[in-house]
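Read the structure below first, then the notes.
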Amino acid sequence: MKSSVITFPGSNCDRDMDVALKKFGFINKMVWHDDNELPKSDLVVLPGGFSYGDYLRCGSMASKSRIMQSVINFAKSGGLVMGICNGFQILVETGLVPGVLLRNKYLEFICKNVHVKIDNKENPYFKNLDNNIFEFHIAHNEGNYFCTKDQLKEINDNSQVAIYYCNEKGQIDDQHNPNGSLKNIAGIFNKEKNVLGMMPHPERMIDQSLSGEDGSLFFKNLINNIK
Amino acid sequence: MKISAVITLKKDVLDPQGKVIHQTLDGMGFKDISEVRQGKYFEIDVQENDPHKAKEIVEEMCKKLLANLVIENYRIIETK
């Protein structure tokens, strides 16, 4: 299985993602933002970081990078595209997934482990996972998910919410909403479910001695789903 | 010619920075404020002498990059 991780100026989770993908069997290539063509890929990842210094709006400049036209075409033809953290911000700026990510409600950069609950397993990312609740890491300043009422209706009608912030038991409420996200939304799909954007970092949870293994469960399952 | 664009958050979008600025101003003694909303201001020198055309170009920029129309509105002003 082949994957590509796009590196933008200011990306800083691209190498972590490379390590995670390779650990679970992907043959990964790093792709520079100024390239024209994507290598042949089964999965494209937009990694976390601070592309273009978060100038203007997080992800706005990166969404206009040269490589992004190929990524958009790949997504529109059904290819799997996953955006993590800044990658999620880039995805919303391309319009591939609905909504926007605003500044965190209490104006703090948040860096901690959180629990998330998977809402829907009818998609290539979560299909066949045994668990519904995962512990992932978040580290962001602009993760406060927002969309218009019309968009929210469409998101719900099409079961596009990927994950919600929750407690370790899966309870979704204000107390376990780290950043003020609308309805505790931590990740979202496009209508077709081949594009996934989420704030939490599964690639930071792939080593028992360093963090946890919930990311390992996610990546192992993902490569099996793609095979 | 110089064209300016003012980008503001839409009414129903939370603006925590505006809120903090409001609280700080209030603490400084500026008591007669009902709300503060923070926005962005751009001055763009367009190589176009027809003001109508120049504004149209900047409008296109607002739609495609400068504003995110899910949460922001834009206003275009001809700068003397």
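In what follows, every chain begins at residue 1, and chains take the letters A, B, ... in the order their sequences are listed.
Heavy atoms from other residues, nucleotides or ligands lying under 6.0 Å from NZ of Lys193(A) number more than 12.
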For this session: In sequence, state the C-alpha distance, the side-chain angles, and the governing distance for Phe146(A) and Val13(B), and then conclude on side-chain contact (heavy atoms from CB on, under 4.5 Å).
Result: CA-CA 8 Å; Phe146(A) 178 84; Val13(B) 178; 3.7 Å; yes
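Applying the ring-ring contact (aromatic ring centres under 6.0 Å, His included) rule to Phe50(A) yields no partners; only residues at least two apart in sequence or on another chain are considered.
In this structure, chain B has heavy atoms under 4.5 Å from both the backbone and the side chain of Leu56(A).
In terms of heavy-atom pairs under 4.5 Å with chain A, the best-connected choice from Leu14(B), Leu65(B), Leu9(B) is Leu65(B).
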Short of 3.5 Å, which donor-acceptor contacts do chain A and chain B share? List atoms and distances.
from, atom 1, to, atom 2, distance (Å)
Leu56(A), O, Lys40(B), NZ, 3.0
Arg57(A), NH1, Leu65(B), O, 3.1
Arg57(A), NH1, Leu66(B), O, 2.9
Arg57(A), NH2, Leu65(B), O, 2.8
Lys64(A), NZ, Lys64(B), O, 3.0
Glu93(A), OE2, Asn68(B), ND2, 3.3
Arg103(A), NH1, Gln17(B), OE1, 3.0

